[in-house]
Amino acid sequence: MLSVARTIRRASKDISLQQFCKEVTSNLRRKYRQRDLPYLAVHPEDRLAASAVIFSRLRRELWLIGDCQCLINGELYDNPKPDEQRLADMRAAEVRRLLSTGITIQQLLIEDTARPVIIPTMKECMKQQNVTYSVIDGFPIPFKYVRQIPLTFAPFEIVLASDGYPFLLPTLAESEAALERQRQEDPLNIGRFKATKAFMTGNNSFDDRTYIRFQV
């Protein structure tokens, strides 16, 4: 995250998406030891990895690299991993099986024993990292899997966010309230919204979350 943030901070104002992807990849790749690169080439699950949603003010473009999301005048745009829903469905099925055996919701919120069941499949899916979906991990990013959204010079209200908000809404307060309703109504995330993780005891979310709103 720090490496990606530093690249964004130091990027030239007229940098293109392609130039940014190459620069952020190069900067992160330098964090690896040279002797580890052959191993990391075939073990993406052990790479440093991050997503980023970026607004280029000069180019009037939004770039979604990895599983992040944005609102443009209230309309949702996202860039999910292709296997994320399948993994969430697998975990939800295992949670329901565990509940049917007498294990309680509270027990699963202390130790989500359904999640380890999907880890082998998750690692297998990660072999497609920067093959069938994009992520910043120090290896070449395929531009066709980066979502690039051009804007006109009309006024826009934009929200940029991580995927830790299952229901992205026009204000932070609304998005946080929707997240809290999800935590209260379905803390295991196995109902209308399914996720690969639950709201573990002591946490007010199931994933990292970032939210920024501005007008251009």
Side-chain angles (χ1 to χ4, degrees), residues 1 43-47 49-53 64-71 74-137 145 147 159-213:
M1 178 274 292
H43 289 279
E45 70 275 10
D46 289 329
R47 298 175 194 166
S51 299
V53 54
L64 282 71
I65 309 171
D67 53 348
C68 39
Q69 55 183 334
C70 66
L71 292 177
E75 184 176 352
L76 178 66
Y77 296 80
D78 61 3
N79 194 32
K81 295 175 184 174
D83 290 299
E84 193 74 5
Q85 192 56 55
R86 180 166 71 93
L87 291 166
D89 289 340
M90 286 175 59
R91 179 185 157 274
E94 177 62 11
V95 167
R96 292 194 183 94
R97 187 193 70 78
L98 291 169
L99 292 172
S100 73
T101 68
I103 293 175
T104 66
I105 292 175
Q106 194 54 45
Q107 285 175 304
L108 290 173
L109 293 178
I110 294 170
E111 183 182 3
D112 186 356
T113 50
R115 183 169 168 80
V117 173
I118 68 170
I119 295 298
T121 305
M122 185 179 292
K123 287 183 176 180
E124 193 63 29
C125 293
M126 288 176 73
K127 291 180 180 177
Q128 297 304 306
Q129 194 165 296
N130 279 333
V131 177
T132 63
Y133 66 93
S134 65
V135 69
I136 301 168
D137 67 355
Y145 296 118
R147 190 159 190 183
V159 173
L160 309 181
S162 66
D163 65 345
Y165 287 103
F167 311 106
L168 189 59
L169 297 168
T171 69
L172 176 61
E174 290 174 302
S175 300
E176 286 285 336
L179 182 67
E180 178 59 19
R181 281 194 300 274
Q182 176 68 20
R183 189 177 73 86
Q184 294 291 337
E185 296 171 4
D186 179 22
L188 292 172
N189 289 328
I190 61 170
R192 180 168 69 97
F193 169 72
K194 297 183 182 70
T196 59
K197 294 177 258 188
F199 289 81
M200 302 307 292
T201 298
N203 295 345
N204 63 3
S205 187
F206 65 94
D207 206 348
D208 62 281
R209 61 198 195 275
T210 302
Y211 186 109
I212 183 171
R213 176 167 59 104

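The basis for the numbers below is simple: all heavy atoms, side chains too, and nothing from hydrogens, waters or symmetry mates. Index from 1, following the sequence.
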What pair of heavy atoms forms the shortest contact from [X] to [Y], and how long is it?
X: R213; Y: Y211; result: CB-CE2, 4.0 Å
X: A88; Y: T196; result: N-CG2, 3.8 Å
X: G66; Y: S51; result: CA-OG, 3.5 Å
X: I136; Y: A52; result: CD1-CB, 3.9 Å
X: A161; Y: C68; result: O-CB, 3.6 Å

Is there a side-chain contact between [X] and [Y] in this structure, where contact means two heavy atoms from C-beta onward sitting under 4.5 Å apart?
X: T121; Y: D83; answer: no
X: L87; Y: K81; answer: no
X: E94; Y: I118; answer: no
X: L179; Y: F199; answer: yes

Who pairs with [X] by side-chain hydrogen bond (donor to acceptor under 3.5 Å, both in side chains), at least two apart in sequence or on another chain?
X: R181; result: none
X: R183; result: E180
X: E84; result: none

Sequence neighbours excluded, which residues qualify as salt bridge (Lys or Arg N to Asp or Glu O under 4.0 Å) partners of [X]?
X: R96; answer: none
X: D163; answer: none
X: R147; answer: none

From CG (L188) to CG (L108), nearest 0.5 Å: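 Between L188 CG and L108 CG, I get 5.5 Å after rounding to 0.5 Å.
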What distance do D89 atom CG and I190 atom CD1 have between them, rounded to the nearest 0.5 Å?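 Going from the CG atom of D89 to the CD1 atom of I190 covers 11.5 Å.
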Sequence neighbours left out, cut at 3.5 Å: what donor-acceptor pairs do the side chains of residues 166-176 make with other protein atoms?
from, atom 1, to, atom 2, distance (Å)
T171, OG1, E174, N, 3.1
T171, OG1, E174, OE1, 3.0
E174, OE1, T171, N, 3.2
S175, OG, L169, N, 3.0
S175, OG, L169, O, 3.3
S175, OG, T171, O, 3.0
E176, OE1, R209, NH2, 3.3
E176, OE2, Y165, OH, 2.7
E176, OE2, R209, NE, 2.9

Heavy-atom donor-acceptor pair, S134 side chain to I65 backbone, under 3.5 Å: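 A pair under 3.5 Å: no.
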Looking only at atom types and distance, does a side-chain atom of Q69 sit under 3.5 Å from a main-chain N or O of L160, one as donor and one as acceptor?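 Answer holds: no.
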So, using side chain to side chain contact (heavy atoms under 4.5 Å, CB included) as the criterion, who are the partners of I110 when residues are at least two apart?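 Per chain and number, I110 pairs via side chain to side chain contact (heavy atoms under 4.5 Å, CB included) with Q106, T201.
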Tell me, please, which residues at least two apart from E124 pass side chain to side chain contact (heavy atoms under 4.5 Å, CB included).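 With neighbours one apart ignored, the set is K127.
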Just grab all the salt bridge (charged side-chain N to carboxylate O under 4.0 Å, His left out) pairs involving residues 184-206, residues at least two apart or on different chains.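 Listed by first then second residue: K197-D207.
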Write out all pairs satisfying salt bridge (charged side-chain N to carboxylate O under 4.0 Å, His left out) with one or both partners inside residues 108-118, taking only residues at least two apart or from two chains.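 Counting only pairs at least two positions apart or across chains, the salt bridge (charged side-chain N to carboxylate O under 4.0 Å, His left out) contacts touching residues 108-118 are R91-D112.
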Check step by step if side chain to side chain contact (heavy atoms under 4.5 Å, CB included) holds for V117 and M90. CA-CA 8 Å; V117 173; M90 286 175 59; 5.6 Å; no
Apply side chain to side chain contact (heavy atoms under 4.5 Å, CB included) to residues L64 and C70 and explain how you reach the verdict. CA-CA 8 Å; L64 282 71; C70 66; 4.1 Å; yes
Going by side-chain contact (heavy atoms from CB on, under 4.5 Å), P44 matches just one of Q129, Q128, K123. Which one?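 Of all the options given, the one that passes is Q129.
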Set of ring pair (Phe, Tyr, Trp, His ring centres under 6.0 Å) partners for Y133, sequence neighbours left out: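 Y133 satisfies ring pair (Phe, Tyr, Trp, His ring centres under 6.0 Å) with no residue once adjacent residues are dropped.
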